[in-house]
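Data block below; observations after.
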Amino acid sequence: MLTDEELFTDRATPVPSPPPSRRARRSLWAGGSYLLLSVVVLIQLWISPAGRVLASNDDDHGFFLFVMAHGERVLFHGDNPLVTGRMNVPDGVNMMANTSVLALSLPFAPVTHYFGPAVTLVLLLTLSLAGTAFAWWWVLQKHVVRSPLAAWAGGLWCGFAPAMVSHANGHVNFVAQFVVPFIVWQVLRLREPGRVWRGGVILGLLIVLQVFLNEEVLLFTAITLLVFVIAYALAAPAVARHAFRPFVAGIGVAGGTALALLAYPLFIQFSGPQSYSGQPFEPGKFVTDLLSLGAYARQSLAGNGVVARALSVSPTEDNTFWGLPLLVLLVIAAVMLWNSAAPRAAIIAAGVLLLMSMGPELRVGGHDTGIPLPFALIQHVPVIDLVSVTRFAMVPATIIGILLAVACDRVRRLSRRNRKRFWALLVAAVVPVLPKPLPVVAADPLPAFIADKMYEAYVPEGRTLVTVPLPEVTNGRAGMRWFALSGLGFEVPRGYFMGPSADGTGSWNAPARPTDSMLRSVQAYGRVPVLTSADRAAAVADLTYWRAAVVVLVPGTEHYEELRATVTGLLGEEPQQVGGVELWDVHSAG
């Protein structure tokens, strides 16, 4: 039976445990270095958390501000954690069907309560980057490699690879991967005698925790482990036969534990109010470009924005971008490790997930080649169809960190000259990929009407504040931000979230209504429409549907004059000026 160490290093002797004082110093050094780098990545947002937004992803920045505020409402006001009625009135939002990161927003609700959701968000982004790196370092140095430096290098890559840094542009759910290394190790330890119940229950609890962080990452992890286990079993059949029964039994215990705790939340997610199936885009739309493997991400030291834009779907999805020197180093590492069953299985798993990330058709240099890929066979499988395909590439990005750690640990077996060459290549590969601070832009200051809670005199409980334009994806961002920074102090119609479209598939917007569509058109094109009695009747019907108390427009909004004229024409009255906003009182209409 293989020991923990033998799984990746093929050693029969355990890693010697250093004295407690040395372990503590190593932990402080590793954690401190990761935290320092994480602060550097987020430093521009730390300067003014509530006064700045992430330049590359203000939409998701606004959404996760809302998520943090929702966590505060749950803990301090007793709101339902799984469904909220404060956004998208009157239908509400299924928080389980959105990336609500309840495992973060609830524990950090006191921070949100006293310092606001903007501070909580930048704090969690910072801690998640550093925490993911530290979690991998912990597992690597404790179970996989002898060298503390090798473990540190592996943790550095796992926590700060281009994929992680790009998702730090607002995607706290993808940056918070600190549970994953412990899930992986608990799965691998199930093969040990006597761990069926204890290991299974621990694994089940970790799965539950990961569900409330990010289910997509959990799916990626499960698929990767399945491929790894199959590849390992083929490479070491005798070991696989010996471990089969305890391993399967442990998986059963873990699944039972997780299902018992998750049954109701998952029912709400897939069958509850505002549930949906599928994504609002075809699986082949967002895929990994083959040329992105050897390029550099826009947030890497050697990054080039023009090149990255041509090879990536967005600044938050630079999921590969490893650079040519690293590709060379990976080939060398693969040759070094190929004779060992576990590293070989990890390499195979990385290759399979990388191929999946390329979608149903090979894309090269931004152009579809027409060459079919295996993912086409499974692209419409339920659950798989909920994934943004390019994100499968986050798995090989993480496996690279593990393989680098193991290769660094084994480099001592090489000659002195080859060791120097290896370390030189490692520096040449990793340094250009190190991150730069994420770009931010100044956010519009909150009007006094919101900042000083003047809305409380106009918006009673059960009624809504309608911003012009209404909050939703890529439009009405100010309204979404107001709502979040107010601590969800009022209710709003529509918003940016995932919910069902008319046919039940996922959509980033609530179903269209005439008034919202008109106001979006006015803001987009700056033209006041010719209003009819039908338009005015539709506006009254929409405001009634939204349970509106007031309609609010901020001077300085893009195409402000046209929007003001349109709303005035629809409602038949001039607005009041209150607390820095233009306000139409529509209690009678709503």
Side-chain angles (χ1 to χ4, degrees), residues 42 45-46 48-54 58-89 92-128 131 170-173 175-176 209 211-214 265 268-269 273-274 443 445-447 449-456 459-465 467 471 477-499:
L42 276 303
L45 190 57
W46 269 112
S48 179
R52 295 180 172 188
V53 295
L54 292 161
D58 52 354
D59 294 322
D60 286 329
H61 191 150
F63 172 79
F64 280 103
L65 288 175
F66 156 69
V67 164
M68 298 307 143
H70 171 69
E72 189 275 343
R73 291 281 311 182
V74 171
L75 193 64
F76 286 86
H77 301 273
D79 284 14
N80 186 339
L82 307 182
V83 178
T84 180
R86 300 195 72 79
M87 189 163 75
N88 191 37
V89 173
V93 177
N94 188 323
M95 298 302 289
M96 277 302 299
N98 284 267
T99 50
S100 53
V101 291
L102 290 167
L104 295 176
S105 66
L106 293 180
F108 282 81
V111 177
T112 304
H113 184 75
Y114 292 107
F115 299 100
V119 171
T120 304
L121 181 57
V122 67
L123 177 63
L124 286 176
L125 287 169
T126 304
L127 294 178
S128 294
H171 288 174
V172 64
N173 56 320
V175 177
L209 181 58
V211 164
F212 290 108
L213 287 172
N214 190 334
I268 293 296
Q269 176 177 344
Q274 293 296 101
L446 289 182
F449 185 74
I450 302 297
D452 297 340
K453 298 188 176 182
M454 298 172 66
Y455 59 81
E456 291 179 345
V459 187
E461 192 68 27
R463 305 296 290 274
T464 67
L465 186 155
T467 56
R477 297 176 176 123
M480 189 79 181
R481 184 167 163 269
W482 292 2
F483 178 50
L485 294 183
S486 75
L488 314 192
F490 49 86
E491 297 177 23
V492 297
R494 304 185 69 81
Y496 172 33
F497 63 98
M498 283 290 290

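These values consider heavy atoms only, across backbone and side chains, with no hydrogens, waters or symmetry-generated copies.
- A 4.5 Å side-chain heavy-atom check between Leu124 and Met68 finds at least one atom pair inside the cut-off.
- Ser100 meets the side chain to side chain donor-acceptor pair (under 3.5 Å) test with no other residue; sequence neighbours excluded.
- In this structure Phe449 satisfies the ring-ring contact (aromatic ring centres under 6.0 Å, His included) test together with Tyr458, sequence neighbours excluded.
- The OG1 atom of Thr464 sits 12.5 Å away from atom CZ of Arg494, with the distance rounded to the nearest 0.5 Å.
- Under the 4.5 Å side-chain criterion, counting only non-hydrogen atoms from C-beta, Pro110 is in contact with Leu75.
- Heavy-atom minimum distance, Leu213 versus Ala176: CD1-O, 4.1 Å.
- The OG1 atom of Thr84 lies 11.0 Å from the CZ atom of Phe497; values are rounded to the nearest 0.5 Å.
- In terms of the ring-ring contact (aromatic ring centres under 6.0 Å, His included) criterion, Phe115 has no residue partners (sequence neighbours excluded).
- Annotation for Gly62 and Ala484: closest pair O-CB, 4.4 Å, computed over non-hydrogen atoms.
- You'll find the side chain of Val492 stays beyond 4.5 Å of the side chain of Phe66, heavy atoms only.
- Between the CZ atom in Phe483 and the CZ atom in Phe490 there is a gap of 7.0 Å [rounded to 0.5 Å].
- Applying the salt bridge (charged side-chain N to carboxylate O under 4.0 Å, His left out) test to every pair with at least one member in residues 105-116, sequence neighbours left out, gives no pairs at all.
- Met96 places a side-chain heavy atom less than 4.5 Å from the side chain of Phe212.
- Contact record, Gly71 with Ala109: O-CB, 3.7 Å, taken as the closest heavy-atom pair.
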Please report the C-alpha distance between Asp59 and Met480 in whole Å, then the side-chain angles of each, then the deciding distance to 0.1 Å, and finally whether the side-chain contact (heavy atoms from CB on, under 4.5 Å) criterion is met. CA-CA 9 Å; Asp59 294 322; Met480 189 79 181; over 6 Å; no
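- Listed here is the closest heavy atom pair of Ala451 and Leu446: CB-CB, 4.1 Å.
- Side chain of Asn94 to main chain of Ile268: a donor-acceptor pair is present (N/O by atom type, distance under 3.5 Å, no hydrogens or angles).
- Applying the side chain to side chain donor-acceptor pair (under 3.5 Å) test to Arg73 and every residue at least two apart in sequence or in another chain returns Asp79.
- A donor-acceptor pair under 3.5 Å is formed between the side chain of His70 and the backbone N or O of Pro81.
- Looking at residues two or more places apart in sequence or on another chain, you find no side chain to side chain donor-acceptor pair (under 3.5 Å) involving Glu491.
- Of all heavy-atom pairs between Val175 and Leu125, the closest is CG1-O, 4.0 Å.
- Counting heavy atoms from C-beta on, the side chains of Leu102 and Met95 never come closer than 4.5 Å.
- With hydrogens and angles ignored, the 3.5 Å screen pairs a side-chain donor or acceptor of Thr120 with a backbone N or O of Thr112.
- With values rounded to the nearest 0.5 angstrom, Ile450 atom CD1 is found 10.0 Å from Leu485 atom CG.
- Between Met498 and Gln274 there is no side-chain heavy-atom pair separated by less than 4.5 Å.
- To the nearest 0.5 Å, atoms CG (Leu121) and OG1 (Thr126) are separated by 9.0 Å.
- A distance-only check finds a donor-acceptor pair linking the side chain of Arg481 to the backbone of Ala50 [under 3.5 Å].
- Residues Asn173 and Phe64 form a side-chain contact, since some pair of their non-hydrogen atoms from C-beta on lies under 4.5 Å apart.
- Scanning both residues, Leu209 and Ala103, for their nearest heavy atoms gives CD1-CB, 3.7 Å.
- Between Glu461 and Arg86, at least one side-chain nitrogen of the basic residue sits less than 4.0 Å from a carboxylate oxygen of the acidic one, meeting the salt-bridge criterion.
- Within the 4.5 Å cutoff, the side chain of Val74 has heavy atoms near those of the Leu106 side chain.
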